[in-house]
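Contents: one structure, followed by commentary.
Only this structure's heavy atoms are used, side chains among them; waters, hydrogens and symmetry mates stay out.
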Amino acid sequence: MAQTLRDFLKQVENLPPDTLVCVAEVDEAFAAHVAEVEIVEDARAEDLKAEGTEAVELGNGSQRVVVVRW
């Protein structure tokens with residue numbers, strides 16, 4: 001299932017503010033540094049399941065999403 005910002009913030013609420021943020025594919029042993037965080041105002045959810053490779057279209061919609069680029 002897709003994760004909301006509320007869900008994410010709840011998971012990290014007790015971490016120190018200098019904790020490193022990175023991205024990795026599921027089951028990967030290494031992660032990449034975040035290059036950019038972008039707020040997209042006109043996204044459209046295609047698939048809310050976590051296994052969807054292209055679950056959100058970054059345009060042509062009316063949903064706000066946070067995109068973490070690496």
Side-chain angles (χ1 to χ4, degrees):
M1 190 69 164
Q3 185 177 53
T4 65
L5 184 57
R6 174 177 286 134
D7 297 336
F8 176 77
L9 291 174
K10 181 127 179 90
Q11 287 183 306
V12 301
E13 68 185 352
N14 294 320
L15 294 176
D18 59 345
T19 300
L20 183 64
V21 176
C22 57
V23 294
E25 293 183 37
V26 175
D27 296 327
E28 283 293 312
F30 293 91
H33 292 294
V34 172
E36 178 184 1
V37 174
E38 177 184 1
I39 311 296
V40 176
E41 298 288 343
D42 62 345
R44 182 167 58 101
E46 297 283 326
D47 183 2
L48 296 178
K49 296 179 183 150
E51 66 271 3
T53 55
E54 292 185 357
V56 177
E57 181 179 354
L58 301 179
N60 299 318
S62 60
Q63 294 173 285
R64 180 181 298 139
V65 298
V66 176
V67 180
V68 177
R69 299 192 187 272
W70 56 280

Transitively linked via ILVMFWY side-chain contacts under 4.5 Å: V67 with V37? no
Would you call E46 and E54 a side-chain contact if the rule is heavy atoms closer than 4.5 Å? no
Kindly work out whether a path of hydrophobic side-chain contacts (I/L/V/M/F/W/Y, heavy atoms less than 4.5 Å apart) joins V23 to L9. no
Transitively linked via ILVMFWY side-chain contacts under 4.5 Å: V21 with W70? yes
Who pairs with R64 by salt bridge (Lys or Arg N to Asp or Glu O under 4.0 Å), at least two apart in sequence or on another chain? E41
Determine, using the 4.5 Å side-chain heavy-atom cutoff (strictly less than), whether L20 and V12 are members of one ILVMFWY cluster. no
Can you tell me if D18 has over 12 outside heavy atoms packed within less than 6.0 Å of its CG? yes
For R44 against G61, the heavy-atom pair lying closest together: CB-CA, 3.8 Å
Looking only at heavy atoms, which two atoms of A32 and C22 are closest? And how far apart? O-CB, 3.0 Å
According to a hydrophobic-cluster definition based on side-chain heavy atoms being under 4.5 Å apart (Ile, Leu, Val, Met, Phe, Trp, Tyr only), do V68 and V56 belong together? no
